[in-house]
Amino acid sequence: MMQKDTIAVAMSGGVDSSTVAALLAREELDVVGLTLQLWDQSRLAGKHGIPEAPKAGRCCSLDDVYDARRVAETLGIPYYVVNQEERFEKDVVRPFVSEYLAGRTPIPCSLCNNHLKFDQLLKTARSIGASKIATGHYAVNEYDPARGRWILKRPADKAKDQTYFLFGLTQEQLAHTLFPLGQMTKPEVREAARERGLALAEKPDSQEICFIPGGDYKQFLTAYLEEQNEQMPETAGELVTTTGEVIGRHEGITGFTVGQRKGLKISSPTPFYVLNIDAASHQVTVGGDADLATHDLRAGKVNWISIPELTAPMRVQIKIRHRHEPAWATLSPAANGEVTAEFDEPQRAVTPGQSAVFYDGDEVVGGGWLL
């Protein structure tokens, strides 16, 4: 059994988590590397246009496991691979499929963080005697004794800010998590990796959802449902304007997301965008760019971080996408634990299934799922 002050580092095989392991090992802490094996990249290979050979260097690939193990050997720390494919499919892949079939656009990275990278990883770490986990996320984690709460903050490198994907972390998870890269920039992280002789100091970051090669969601859905002996639902329907005028047809709602412009196959002197997807009627409503703007939103399954709950209207800035510039709004409590928000200025393409994350300066107040 390891010592109680052992820190388990979530090693993805990338430069960020590898540098975290190197930094902590240098401090002469008891460090152990853990990699969660989440998805078999060869599982759907060759089906419906999915490449036969998985792309090298993808998140969750065998190459990444090899890279993580090589770093652990370089640092002289214990290293383990923990198979979580079954739970990943149950808590991330299946909900992703269900959401897309229902006409919403989910964020699997947030689900993965909530259910696996922090929840399951922390349980695994404790089982081997580790008291805390450390990850390569760009975020800051601090305890505020005045509020008696752990606070999640945006990092020094705002371009790499990952707090949008971490809004679901509980107080228990935050209390046992370290973010060593919170005060570093990406160039500083790569330099630290070079200084410590890590072979993957120049390895590029993964930009894709780990289980969807090439970002082709419909291709993945078709292949996955076929593997599960399930039929792709027939969701072909009408393309309609905001006045209800039918201007075309589409082959299925899974091919669309709010804000989409390409692939509508509508001849018009001005571009059309997807405004709404109705899973029940299979109607896809389209309109001009100005029609995408909205003054309000509603979110459910809210997790609070800097406050215990919302009891009165609060001024916050809200991100509705990872790359969205936080916009000022008034956040208010609603029925069933939901919240509503009224933006000062209209925001473009508020998309059901995505996350809305609320900020007070650099602090994450909380976040929820857009309805």
Side-chain angles (χ1 to χ4, degrees), residues 91 95 99 102 104-115 117-119 122 137-155 158 161-177 179 182 258 292-371:
D91 290 337
E99 285 286 278
R104 293 184 287 270
T105 307
I107 305 179
C109 295
S110 293
L111 288 175
C112 186
N113 283 334
N114 295 351
H115 294 290
K117 288 186 178 176
F118 290 87
D119 178 68
L122 187 55
H137 289 93
Y138 287 81
V140 173
N141 187 17
E142 298 176 348
Y143 182 72
D144 182 356
R147 282 179 280 183
R149 298 186 68 81
W150 283 89
I151 307 302
L152 181 67
K153 294 183 177 181
R154 300 179 72 193
K158 297 300 188 289
D161 180 10
Q162 290 173 296
T163 55
Y164 178 78
F165 300 112
L166 301 174
F167 77 88
L169 297 189
T170 65
Q171 287 291 299
E172 170 70 9
Q173 290 165 348
L174 287 168
H176 294 89
T177 300
F179 296 121
V258 172
L292 279 173
T294 181
H295 272 285
D296 51 34
L297 64 75
R298 191 177 189 92
K301 297 182 179 178
V302 179
N303 180 61
W304 300 109
I305 295 180
S306 71
I307 60 174
E309 62 179 328
L310 184 70
T311 58
M314 180 180 183
R315 291 288 292 169
V316 296
Q317 288 180 291
I318 301 179
K319 288 184 74 167
I320 55 174
R321 285 178 296 279
H322 175 43
R323 297 299 183 189
H324 176 243
E325 184 66 28
W328 280 105
T330 300
L331 188 67
S332 302
N336 303 317
E338 297 175 357
V339 295
T340 59
E342 181 101 9
F343 289 107
D344 291 5
E345 300 292 336
Q347 300 300 302
R348 189 177 186 275
V350 176
T351 307
Q354 298 274 296
S355 303
V357 180
F358 323 129
Y359 293 85
D360 180 6
D362 280 343
E363 289 188 6
V364 177
V365 176
W369 300 93
L370 288 166
L371 302 173

Once salt bridge (Lys or Arg N to Asp or Glu O under 4.0 Å) is applied, what residue pairs with a partner in residues 309-322 remain, sequence neighbours excluded?
Arg315-Asp344
Working to the nearest 0.5 Å, report the span between CD of Gln173 and NZ of Lys117.
13.5 Å
Least distance between heavy atoms, Pro346 atom then His295 atom:
CD-CE1, 3.4 Å
Heavy atoms, side chains only, cut-off 4.5 Å: are Asp296 and Thr340 in contact?
no
Minimum-distance pair of heavy atoms, taken over all atoms of Ile318 and Ala341:
CD1-CB, 3.5 Å
Give the ring-plane orientation class for His137 versus Phe179, where under 30° counts as parallel, over 60° as perpendicular and anything between as tilted.
perpendicular
To check you understand the geometry: which heavy-atom pair defines the closest contact between Tyr164 and Ser110, and what is its length?
O-OG, 4.2 Å
Check whether Gln171 reaches the backbone of Trp150 with its side chain - one donor and one acceptor, N or O, closer than 3.5 Å.
yes
Short side-chain to backbone donor-acceptor contact, Asp161 and Thr163, under 3.5 Å:
yes
Checking Asn141 side chain against Thr177 main chain: does a donor-acceptor pair fall under 3.5 Å?
yes
dist His324:NE2 -> Arg348:CZ (nearest 0.5 Å) comes out at 10.5 Å
How about Asp360 and Ser306: do any of their side-chain heavy atoms sit closer than 4.5 Å?
no
Using 30° and 60° as the class boundaries, would you call the ring planes of Phe167 and Trp369 parallel, tilted or perpendicular?
perpendicular
Hey, does the side chain of Asn303 reach the backbone of Thr170 with a donor-acceptor pair shorter than 3.5 angstrom?
no
Side chains of Val365 and Trp304, heavy atoms from C-beta outward: is any pair under 4.5 Å?
yes
Tested for side-chain contact (heavy atoms from CB on, under 4.5 Å) against Phe358, the lone hit among Ile305, Leu310, Val339 is Val339
Taking Glu342 for its side chain and Thr330 for its backbone only, find out whether a donor-acceptor pair lies under 3.5 Å.
no
Supply the atom-to-atom distance Leu174 CG to Leu166 CG, rounded to the nearest 0.5 angstrom.
8.5 Å
Between Pro95 and Leu111 the two heavy atoms that sit nearest each other are CB-CD1, 4.0 Å
With a 4.5 Å limit on heavy-atom distance, are the side chains of Val364 and Tyr359 in contact?
yes
Separation of His176 NE2 from Leu169 CG (nearest 0.5 Å)
13.5 Å
Could you report the tightest heavy-atom contact between Val302 and Gly337, atom names first, then the distance?
CG2-O, 3.9 Å
Sorted by first residue and then second, give each salt bridge (Lys or Arg N to Asp or Glu O under 4.0 Å) pair with at least one member in residues 361-371; sequence neighbours left out.
Arg147-Glu363, Lys158-Asp362
Is any side-chain heavy atom of Gln354 less than 4.5 Å from a side-chain heavy atom of Ile107?
yes
Can you name the nearest heavy-atom pair linking Leu370 to Thr351, along with the distance?
CD1-O, 3.4 Å
